[in-house]
Novice: 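Quick one: this structure, given as structure tokens, is what I'll be asking you about.
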Amino acid sequence: MCGIVGYIGKRDAYPIVLNGLKRLEYRGYDSAGIALYDGDNLTVCKTKGKVADLETKMQNESSIIGNIGIGHTRWATHGVPNDVNSHPHYSNSGNLVIIHNGIIENYDPLKKELIKRGYTFKSDTDTEVLVNLIEDVQIQQNVKLGKAVQIALNQTIGAYAIAVFDKNKPDEIVVARLGSPLAIGVGDDEFFIASDASPFLEFTKNAIYLEDGEMAVIRTHKEIKIRKIHDDSLVDPYIQELQMNLEEIEKGGYDHFMLKEIYEQPQAIRDTFRGRMLPDQGLIKMAGIDDHIDKFINAKRIVIVACGTSWHAGLVAEYIIEELARVPVEVEYASEFRYRNPVIDKDDVIIAISQSGETADTMAAIKLAKENGAFVFGVCNVVGSSISRETHAGAYTHAGPEIGVASTKAFTTQITVLTLIALQIAKKKGKISTSEFHKYLVELESIPNKVKKALKSNDLIEQVAHAYKDSKNCLYLGRGFNFPVALEGALKLKEISYIHAEGYPAAEMKHGPIALIDSQMPVVVIATKKGHYEKVVSNIQEIKSREGKIIGIVTEGDVDVRDLADHVIEVPDTLECLTPLLTTIPLQLLSYHIAIALGRNVDQPRNLAKSVTVE
């Protein structure tokens, strides 16, 4: 949510910052802006709309030269999306220029105090309050920019990642973070700043990730100084080598990142279990589990906290863990968990799931659980993210960068990790036999090839999509392990096509939703030949008798549903608890093709952000 880019060094900043903003478009935004400074002239250009609109507007600027530059993509919080509220913002004197992700919660009393001191404001944003607060501290206490930033931030409440520079010091940028990610790329007497490493991958592989509550003064010709904001103590910079490749964040010949990421799932799933699952030896090796196995074996219950697609992965995990390990599992929305005074015991295990590892509500749930003495295990996709640092232990999904806002490969790789966890707990608790354990490992190893096979239905799914692209509503039904898949399928359709869709347990249809069914209502039914197949077939008959249009997701060779459904999409056969890894594939493709047929921006759907780092 929002994106920060910055550069200071010997190169021309504009193309670096502009390209960096394009790389961060996946985060979700509604306006964009750039500030450039060459030591004499300050150019600030910002606009409501996309980075392409900003690039067009920049062509009218008299100067786009400068060795220091900052850029921003804004997702509106305080103030509507417009040119004035877009970032960067500058102070009343015009000397300080800032970009900011996050929310300053006490901006209103700060603003009132600054108005009393003679400050005026052009925008409705909390960010303009912050930059003027920094300037006020700078003037009142006669301190340098870095110190003024530190003092000002100690007066604020909220979350932020900021980059600010002073026209009087064109060789320096000050950055800070609390609750919103910030990376610093370290080059040869040049530095790059960004919300993640993607904007500077082609320039350097060396990066520093600021921890919460840290700030850095970045100067050319000098080493970076990192300090704790609250007590001014120095922090030794930890420079790590980036493992990400430029090719991973490019489309690679696909029309959209979402389609690319759907097709990357066979490899992503394989990468997630590679080195952890050893079927030939009958072993699962996961340090995060093995080093804390007593916590899992003795847990009275497991509580999974997550948001959105990750919450759906958690629901699948609830079924799998309870089925295999026989441990009670509860799945909570992280946003509700943190506010409802939950009962948390020291014998509970909390599993926090987040693709980005920066989800604000999930971070808050983790902190609450830790305060109450629970053991917290994280599942995320981004190395070095906040959740990976805040949890007691965890496991990365190894899905690779996911740029499309609508999550796809994150979902299947999260299920893969959670399945490995369930199997390891079940084995250690003696809940499954050695032969059963081995059977699951062998079958899980075959899943990537079965996903490849499921992807071969793409052309058929595209035809189905065109048949239903003008629908106003859609119902998704599933039972058991595939009920969460129905929820996820409905979410995908809502996210990228803007068609209203709902997911339900199939048996719940007659308890209300059946009233909606008529000849205009497409119903997607997940009806694999596992579990309660006959019951689902009965549900399909109920829909058929009310003239509903049925899209069946079935096991290869199915006959019964084929005779009833208007359209049938096959997936390979597998063990019941692994079916979500296959049944979700056609639902992802269906959503994608409907959205494309409607002319939607599938990678950047309206109003959505990839990483939700504010409440």
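Just so it is clear, the model here is predicted, and its values are computed rather than measured.
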Novice: My understanding is that only residues two or more places apart in sequence, or in another chain, count here; which of them pass salt bridge (Lys or Arg N to Asp or Glu O under 4.0 Å) with E336?
Specialist: none
Novice: Any pair with a residue in residues 130-180 that passes ring pair (Phe, Tyr, Trp, His ring centres under 6.0 Å), sequence neighbours left out, goes on the list, sorted by first then second residue, please.
Specialist: none
Novice: More than 12 heavy atoms of other residues, nucleotides or ligands under 6.0 Å from OH of Y90: is that the case?
Specialist: no
Novice: Atom OG in S386, atom CG in L178: separation rounded to 0.5 Å?
Specialist: 9.5 Å
Novice: Carefully, step by step, assess H72 and N101 under the rule side-chain hydrogen bond (donor to acceptor under 3.5 Å, both in side chains).
Specialist: CA-CA 9 Å; H72 190 261; N101 290 352; 2.9 Å; yes
Novice: Could you go step by step and tell me if L96 and I98 meet the side-chain contact (heavy atoms from CB on, under 4.5 Å) rule?
Specialist: CA-CA 7 Å; L96 304 189; I98 194 171; over 6 Å; no
Novice: At what distance, to the nearest 0.5 angstrom, does CG of D212 lie from NZ of K228?
Specialist: 9.0 Å
Novice: Kindly state each residue pair satisfying side chain to side chain donor-acceptor pair (under 3.5 Å) with at least one member in residues 366-380, sequence neighbours excluded.
Specialist: none
Novice: Who are the salt bridge (Lys or Arg N to Asp or Glu O under 4.0 Å) partners of D124, not counting sequence neighbours?
Specialist: none
Novice: What's the separation between atom CG in N206 and atom CG in D188, rounded to the nearest 0.5 Å?
Specialist: 11.0 Å
Novice: Which residues satisfy the side-chain hydrogen bond (donor to acceptor under 3.5 Å, both in side chains) test with E330, sequence neighbours excluded?
Specialist: R301
Novice: Checking P401 now: which residues fulfil side chain to side chain contact (heavy atoms under 4.5 Å, CB included) with it, not counting sequence neighbours?
Specialist: M244, E248, I249, I403
Novice: Which pairs count as ring pair (Phe, Tyr, Trp, His ring centres under 6.0 Å) when at least one residue sits in residues 91-111, sequence neighbours excluded?
Specialist: H78-Y107
Novice: Less than 6.0 angstrom from the centroid, inside 45 degrees of the normal: does R606 satisfy that with respect to the ring of Y498?
Specialist: yes
Novice: Of all residues at least two apart in sequence or in a different chain, which pass the side-chain hydrogen bond (donor to acceptor under 3.5 Å, both in side chains) check with N95?
Specialist: S93
Novice: Please report the interatomic distance CG(L110) to CG(L133), rounded to the nearest 0.5 Å.
Specialist: 5.5 Å
Novice: Quick check: closest heavy atoms across S195 and C2, and the distance to 0.1 Å?
Specialist: OG-O, 4.1 Å
Novice: Go through the steps to decide whether D108 and K112 satisfy the test salt bridge (charged side-chain N to carboxylate O under 4.0 Å, His left out), and finish with yes or no.
Specialist: CA-CA 6 Å; D108 190 49; K112 288 174 180 174; 3.2 Å; yes
Novice: Tell me whether K144 is salt-bridged to E172, with the criterion being a basic N under 4.0 Å from an acidic carboxylate O.
Specialist: no
Novice: What is the distance from atom CG of N67 to atom OH of Y7, rounded to the nearest 0.5 Å?
Specialist: 7.0 Å
Novice: For T397 and N381, what are the C-alpha separation, side-chain angles and deciding distance, and is it a side-chain hydrogen bond (donor to acceptor under 3.5 Å, both in side chains)?
Specialist: CA-CA 5 Å; T397 54; N381 187 40; 2.9 Å; yes
Novice: Quick one: are C307 and Y333 in side-chain contact, heavy atoms under 4.5 Å?
Specialist: no
Novice: Should T309 and E488 be marked as a side-chain hydrogen bond (donor to acceptor under 3.5 Å, both in side chains) after you check the CA-CA gap, both sets of side-chain angles, and the distance that decides it?
Specialist: CA-CA 6 Å; T309 288; E488 174 62 12; 3.1 Å; yes
Novice: CD1 of I65 to CG of D12: how many Å apart, nearest 0.5 Å?
Specialist: 5.0 Å
Novice: Salt bridge (Lys or Arg N to Asp or Glu O under 4.0 Å) with D38: which residues, sequence neighbours excluded?
Specialist: none
Novice: Kindly write out the residues that satisfy side-chain hydrogen bond (donor to acceptor under 3.5 Å, both in side chains) with K111, not counting sequence neighbours, or none if the list is empty.
Specialist: none
Novice: Return the set of residues passing side-chain hydrogen bond (donor to acceptor under 3.5 Å, both in side chains) with H398 (not counting sequence neighbours), or none when no residue passes.
Specialist: none
Novice: How far apart are the C-alpha atoms of R227 and I229, what are their side-chain angles, what is the distance that settles it, and do they pass the side-chain contact (heavy atoms from CB on, under 4.5 Å) test?
Specialist: CA-CA 6 Å; R227 295 181 181 274; I229 294 167; over 6 Å; no
Novice: Begin with the C-alpha distance, continue with both residues' side-chain angles, and end with the deciding distance and a verdict on salt bridge (charged side-chain N to carboxylate O under 4.0 Å, His left out) for K492 and E495.
Specialist: CA-CA 5 Å; K492 283 292 148 293; E495 284 181 317; 3.0 Å; yes
Novice: Where do Y29 and E25 land on the side-chain hydrogen bond (donor to acceptor under 3.5 Å, both in side chains) test, with the steps shown first?
Specialist: CA-CA 7 Å; Y29 71 105; E25 285 190 288; 2.3 Å; yes
Novice: Apply salt bridge (Lys or Arg N to Asp or Glu O under 4.0 Å) to K116 and list each qualifying residue two or more places apart in sequence or on a separate chain.
Specialist: none
